[in-house]
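Each chain gets a letter, A, B and so on, in the order its sequence line appears, and its residues count up from 1. Because the structure is predicted, anything quoted here is derived from the model rather than measured.
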Amino acid sequence: MAAAAGSRGAVAPPLRIAVASGKGGTGKTTVASSLALSLAQGEPGLPPPPPPYFLDCDVEGPNAHLFLKPDLRRRRDVLTSIPHVDAAKCSGCGKCAEVCQYHAIAVLGKKTLVFSQLCHGCGSCTLVCPEGAITEEPRVTGVLEAGRAAGGIPFARGVLDVGEPMATPAIRQLKKWAIPAPGPAGAVVILDAPPGTSCPVVEAARGCDYLLLVTEPTPFGLHDLRLAAEVAAELGMPAGVIINRDGIGDAGVDAFCAQAGLPVLMRIPFERTIAEGVAQGQTLVEIHPEYAPRFRALVATVLEQVGSQPMTSSPSGAEPVRRGRARP
Amino acid sequence: MKLIVTATAPDIDAAVDPRFGRGAYFIEIDTETGQWHAHENQAVNASGGAGSQAAQAVVRQGAGAVVSGDFGPNAHLVLAAADVRMYLLGTSKTPREAAAALAAGSLPEVSGPTSPGHHGGRGGQ
């Protein structure tokens, strides 16, 4: 059943909004950080709500800390399990290499080679080895960090080690570590997704309630928005669009949104003062405070849209049935 | 000995392919008889691990040596483990030229990976 705006009980899973874009540099982090600060402010005249949680899921190039300025005190390693083959026990049967979807094992005669950077840590090789020759060893591929940010926002991010190709385990572990369990109704989690539309984005968006797509009204923006909208459809997630740098480019994005039934939730004009502020580490709501109530209204719209659509993921936060593609 | 040269088309006189893992064709040449066969590289569209898969295919074909323009770390690991010798193309423009140059002893042999790895073209993200 969908978690509807009106039916979120006393204890409810948090509303999880993933901010994605397809094209890089469209303003995901500008939107995500402004959204978080706007919610943390609360409505004037009312007691401040609990601040939203913020997860920077762009583990290959996290940058939300530049805007939300967290005090990162807690740390944890990102660990993946890679197989270790006991050459004395290995018969060279090759079953481990056959079962591996990521081609991380090669068997040549009696030599079994493991390519640790291709390994996703799924454990299949360990399961199928008839000789019990495989054990799993932890390998550190990055770090998770957390602390309080501006506005009291609980902030967490993943940072993949330089040279590591596999972002998905870091994102999966970040979400497990930093997304709160069901609690008092009204909690919101904002996930700043990586650019692109491949596995890291799917991993960030999986299990979320809503995909907020930030785009720019240019042919490039439109090209990647189409792909990002397909990801939302594939994951069975309701989605909406924020058009950043409104006023440049052409009407293609608007036409696509109308045709695809994607609501345009906000337009942020192409404006020098915004660019200057962002370049100095300011969020949109610090540059133009009048955006804060607009972002809060946007979340109310999102809640309505989430409540009116059946979801593939259960409200308890269980993972949707469909998994990300095999590509990292 | 079986020699494999990477090529852009299934012909011994086609242009060489400077890539190993994502090279289009493997031209298999019998260095004693000069007979040759072309094999499609099945790993060419692999989403990741193309080098190690292509190298395993070469090992299965029983090759004793490979000539290509570039061997990444995974391909190198597999080929070295299977005692397949690796040579760079040098100035050879076709597999036929590469085979002749190898016979003349004028191709540089590779002792380590010649590139830091490509990881499924992630640079395009």
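Environment of CD in B/Gln35: sparse, with no more than 12 heavy atoms of neighbouring residues, nucleotides or ligands closer than 6.0 Å. The environment of CZ in A/Arg139 is crowded: more than 12 heavy-atom neighbours from other residues, nucleotides or ligands sit within 6.0 Å. Around the NZ atom of A/Lys176, the shell of radius 6.0 Å holds no more than 12 heavy atoms that belong to other residues, nucleotides or ligands. The environment of CZ in A/Phe220 is sparse: at most 12 heavy-atom neighbours from other residues, nucleotides or ligands sit within 6.0 Å. Remark: A/His223 NE2 is loosely packed, at most 12 non-hydrogen atoms of other residues, nucleotides or ligands lying under 6.0 Å away.
The CG atom of B/Asn74 sits 12.0 Å away from atom NE2 of A/His103, with the distance rounded to the nearest 0.5 Å. Rounded to the nearest 0.5 Å, atoms NZ (A/Lys111) and CG (B/Leu77) are 9.5 Å apart.
For B/Val59, the part sitting under 4.5 Å from any heavy atom of chain A is the side chain, from C-beta outward, and nothing else.
Scanning all heavy atoms of the two residues, the minimum distance from A/Leu118 to B/Gly49 falls at CD1-CA, 3.6 Å.
With chain B as the partner, the residue from A/Ala106, A/Gly109, A/Ala104, A/Gly196 showing the most heavy-atom pairs under 4.5 Å is A/Ala106.
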